[in-house]
**Q** 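Provided herewith is a single structure, encoded as structure tokens, for subsequent inquiry.
Convention: sequence-line order gives letters A, B, ...; per-chain numbering from 1.
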Amino acid sequence: MNYWLFKSEAEVWSWDQQVAKGEAGEEWDGVRNYQARNNMRAMKLGDRGFFYHSRKETEIVGIVEVCAEAHPDSKANDPRWECVDIKAVRPFTKPVTLAMCKEDHRLKDMVLVNNSRLSVQPVTEEEWKIVCELGETDPS
DNA sequence: GCCAACGTTGGC
DNA sequence: GCCAACGTTGGC
């Protein structure tokens, strides 16, 4: 099992919209960055990810699960771009803000802290547990 | 709303 | 293949 982090501006695609999709999930489309795409290609069914609201709230608000592995982005007119489908698993009891991640020295190597511009990021198992602990949320 | 950081493009 | 110019992202 691998762990990831998906970023979205709440105005564009929010956690609430993701939850509303239920078990069916939704394509994580619109990624036009090779590094982010390569991360999605590496994802397996059942992998978990954090759902992060960028720019305005800057906080991790929920946990999602990969429910379809990488396939062509249906909204792209270019076969280079692929995406996975994700579905909401559970919200965070307490959202974990970027500031909280920056303050916790155990998370100093987290991609979110060091490379704020990458929209789909890997998260280590260690980081996963720490963030869930900060958010008082079941990491399973 | 500003601007730093980063990625991409294209001229040479 | 280098690098300047440009566009976008996202924290503040």
**Q** Quick one: do the A:Ser140 and A:Asp138 side chains pair a donor with an acceptor below 3.5 Å?
**A**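 Per modelled atom types, A:Ser140 and A:Asp138 side chains form a pair under 3.5 Å.
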**Q** Counting only heavy atoms and a strict 4.0 angstrom limit, can you tell me which residues of residues 7-19 of chain A come near DNA chain C?
**A**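 Hits under 4.0 Å, by residue number: A:Lys7.
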**Q** Whether A:Lys56 contacts B:dG1 is assessed here as follows: a side-chain N or O lying under 4.0 Å from the phosphate OP1 or OP2. Is that the case?
**A**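 So the side chain of A:Lys56 is outside the cut-off, no N or O lying under 4.0 Å from OP1 or OP2 of B:dG1.
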**Q** So which protein nitrogen or oxygen atoms get under 3.5 Å of nucleotides 6-8 of chain C's nitrogens or oxygens?
**A**
{"residue": "C:dT8", "atom": "O2", "partner": "A:Arg117", "partner atom": "NH2", "Å": "2.9"}

**Q** Report the distance from atom CG of A:Leu5 to atom P of C:dT9, rounded to the nearest whole Å.
**A**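 So the CG-P distance, A:Leu5 to C:dT9, works out to 17 Å.
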**Q** Assign each of A:Asn114 and A:Arg55 to its nearest nucleotide of DNA chain B by heavy atoms, then name whichever residue's nucleotide is nearer the 5' end.
**A**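 Whichever sits nearer the 5' end wins; that is A:Arg55.
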**Q** What integer distance in Å separates A:Leu98:CG from C:dG10:P?
**A**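 These atoms are roughly 12 Å apart.
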**Q** Based on the rotation axes of five pairs at each end, what angle does the helix from B:dG1-C:dC12 to B:dC12-C:dG1 bend through, to 10°?
**A**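 About 0° separates the two local helix axes.
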**Q** Under 3.5 Å, sequence neighbours excluded: what are the donor-acceptor pairs made by side chains of residues 58-65 of chain A?
**A**
{"residue": "A:Glu65", "atom": "OE1", "partner": "A:Arg48", "partner atom": "NE", "Å": "3.3"}
{"residue": "A:Glu65", "atom": "OE1", "partner": "A:Arg48", "partner atom": "NH2", "Å": "3.2"}

**Q** Take A:Glu26 and A:Gln17, measure what side-chain contact (heavy atoms from CB on, under 4.5 Å) needs, and give me the verdict at the end.
**A** CA-CA 10 Å; A:Glu26 177 74 0; A:Gln17 284 171 289; over 6 Å; no
**Q** Just the rounded figure in Å: distance from C1' of C:dG10 to CZ of A:Arg32.
**A**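 From A:Arg32 CZ to C:dG10 C1': 19 Å.
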**Q** Please list, chain by chain and in numerical order, all residues satisfying salt bridge (charged side-chain N to carboxylate O under 4.0 Å, His left out) with A:Arg117, sequence neighbours excluded.
**A**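 For A:Arg117, no residue satisfies salt bridge (charged side-chain N to carboxylate O under 4.0 Å, His left out) once neighbours in sequence are set aside.
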**Q** Running the 4.5 Å side-chain criterion over Ile, Leu, Val, Met, Phe, Trp and Tyr, what cluster does A:Leu45 land in, apart from itself?
**A**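 ILVMFWY cluster around A:Leu45 holds nothing else.
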**Q** Classify the angle between the aromatic ring planes of A:Phe51 and A:Trp15 as parallel (below 30°), tilted (30 to 60°) or perpendicular (above 60°).
**A**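 Perpendicular, since the angle between the ring planes exceeds 60°.
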**Q** Would you say that more than 12 heavy atoms from the other residues, nucleotides or ligands in this model lie under 6.0 Å from the CD of A:Glu126, or not?
**A**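 Check fails, neighbour count at 12 or below.
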**Q** On a heavy-atom basis, which atom in A:Val84 and which in A:Met40 lie closest, and how many Å separate them?
**A**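 What the structure gives for the nearest pair is CG1-O, 3.4 Å.
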**Q** Quick one: do A:Arg37 and A:Glu82 satisfy salt bridge (Lys or Arg N to Asp or Glu O under 4.0 Å)? Show the steps, please.
**A** CA-CA 6 Å; A:Arg37 185 208 58 190; A:Glu82 299 178 15; 5.9 Å; no
**Q** Where is the tightest heavy-atom contact between A:Val31 and A:Trp81, given as atom of each residue plus distance?
**A**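 Shortest heavy-atom contact: O-CE3, 3.6 Å.
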**Q** Taking CE from A:Met100 and C1' from C:dG11, how many angstroms apart are they, rounded to a whole number?
**A**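 Whole-Å distance recorded here is 18 Å.
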**Q** Between A:Cys132 and A:Phe50, what is the shortest heavy-atom contact and its length?
**A**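 Taking every non-hydrogen atom into account, SG-CE2, 4.1 Å.
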